[in-house]
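Here the structure comes first, spelled out in C-alpha cells, and everything after it is commentary.
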Amino acid sequence: MPSWQRWQAQLADHLILICGALFMVVPVWMLVAATTHLPGARPFPRLDPGTGALENYSGFLTGSAGFSGDVTVLAMFWNSFLLGAGFAALKVLLSLLAAYALIYFRVRFASAIFAVLLLTLMLPLESRFLPTYEIVAQLGLVNSRSGLILPLVASGLGTLFFRQFLLTVPDTLLESARLDGAGPLKFLKDILLPLSTPTAAALFLVLFVNGWNQYLWPVIVTTEESTYTLVRGMQFFGNSSLRGLMLAVIAMLPPALLVILFQRQVVKGLFDGSH
C-alpha cells in the first residue's frame, strides 16, 4: 500500500476515534461546566466554565439534604464509599477462597459446584432481591450498612476469574511449598496471594464501580435517610436544578477517576494476571 494511502487510513481511524471520544466526553463536560456557575445563571446545558465551583460545592457538600434534613451529601458519599469498597473487598476475598478450595482441595463434585456457580451468572442480580430482602429483614439488617453489603458479596464471576488464574499457577510451586513444610494457609498467604494481587486489584476496581452504582438494592433495603447512598439520594434534587447536577457530578467522579487512572492495570490484571 502506498504511503499516502496508509496516511489516509490512519487519518480516518484517528477521526473516528476523536469523534467517538467527543461524543462521550462533551455531555459530561457540559454537566460539569454547568455546576461551576453561580445560581441564577443560564442553566444546563452549557460549555463555558464558570467561577463559582468552589462556592457551589463547599456549601452543597455540608448542607442539609433529604426530606427531613438529617443527612448531608458528605454522609451519602461515605455510605456510597462503604458500599462500593465493602462490596468489592468481600467479593474478592470470598471469590479467591472459593476458587482456592475448588482447585487445591479434593472437594467432591467440584465441577458440579463450579457449574452451579456459573449458572448464577445467567440470572440478573435484581431477580433475587425480593427473597434476599426477606432474609435481611428476618436478620434485622434493614437500614444498616451490613444489610447493604453482605447479601451481595457472593460472586460467581469473581470465582471464575480467580479459578482461571489459579489454573495457570505451576504445580511445582505447590510441591516446593509442601517440601518446605508449608500448610494450605501458608501456601495461600505467602505464595498465591502475592501472585494474584494484580487480578485481585483489577477485579476490586470493577466491583467497586459496580457497588458504587447500585441503586435498586439500596432502595429496597434502606428507608432511613441516614443510610442513603449518593445514587439513592438523587431523588432529593431535581435533575435540572443546580443541586441535582452537582450531585450527579459527585456521584460520577470517583468511579470515573478510578477507571481513567487504572484502566491499563485493570486490563492487564484481568486478562494477563501481570503488571
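Please read all numbers here as calculations on a predicted model, not as lab measurements.
- In this structure a side-chain-to-backbone donor-acceptor pair under 3.5 Å is present from Asn79 to Ser226.
- In terms of modelled atom types and a separation under 3.5 Å, the side chain of Lys91 and the main chain of Leu152 share a donor-acceptor contact.
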Considering only distance and modelled atom types, tabulate donor-acceptor pairs under 3.5 Å from the side chains of residues 128-138, sequence neighbours left out.
| residue | atom | partner | partner atom | Å |
| --- | --- | --- | --- | --- |
| Arg128 | NH1 | Pro151 | O | 3.3 |
| Thr132 | OG1 | Arg128 | O | 2.5 |

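- Judged by distance alone, the side chain of Ser196 and the main-chain N or O of Thr199 form no donor-acceptor pair under 3.5 Å.
- In this structure, Val219 shares a hydrophobic cluster with Tyr215, Val231, the cluster being traced through Ile, Leu, Val, Met, Phe, Trp and Tyr side chains under 4.5 angstrom apart.
- Formation of a donor-acceptor pair under 3.5 Å by the His14 side chain with backbone atoms of Ala9 is not found in this model.
- Using modelled atom types, one side-chain atom of Thr36 and one backbone atom of Gly50 make a donor-acceptor pair closer than 3.5 Å.
- Side chain of Arg145 to main chain of Thr227: no donor-acceptor pair is present (N/O by atom type, distance under 3.5 Å, no hydrogens or angles).
- Between Phe87 and Trp217, a ring centre-to-centre spacing not shorter than 6.0 Å is recorded.
- Ring pair Phe162/Tyr100: centre-to-centre distance not below 6.0 Å.
- Few gaps surround CD on Gln164; more than 12 heavy atoms of other groups in view lie less than 6.0 Å from it.
- A donor-acceptor pair is defined here as one N or O able to donate and one able to accept, closer than 3.5 Å; such a pair exists between the side chain of Trp29 and the backbone of Leu47.
- Without hydrogens or angle criteria, Asn213 side chain to Val209 main chain gives a donor-acceptor distance under 3.5 Å.
- Looking at Leu148 and Gln214, their side chains never come closer than 4.5 Å, going by heavy atoms from C-beta outward.
- Residue pairs meeting the salt bridge (Lys or Arg N to Asp or Glu O under 4.0 Å) criterion with at least one partner in residues 178-194, sequence neighbours excluded, are Lys186-Asp190.
- No more than 12 heavy atoms of other residues, nucleotides or ligands shown are found within 6.0 angstrom of CZ on Phe23.
- The 12-atom threshold is exceeded at CG of Asp13, counting heavy atoms of other residues, nucleotides or ligands nearer than 6.0 Å.
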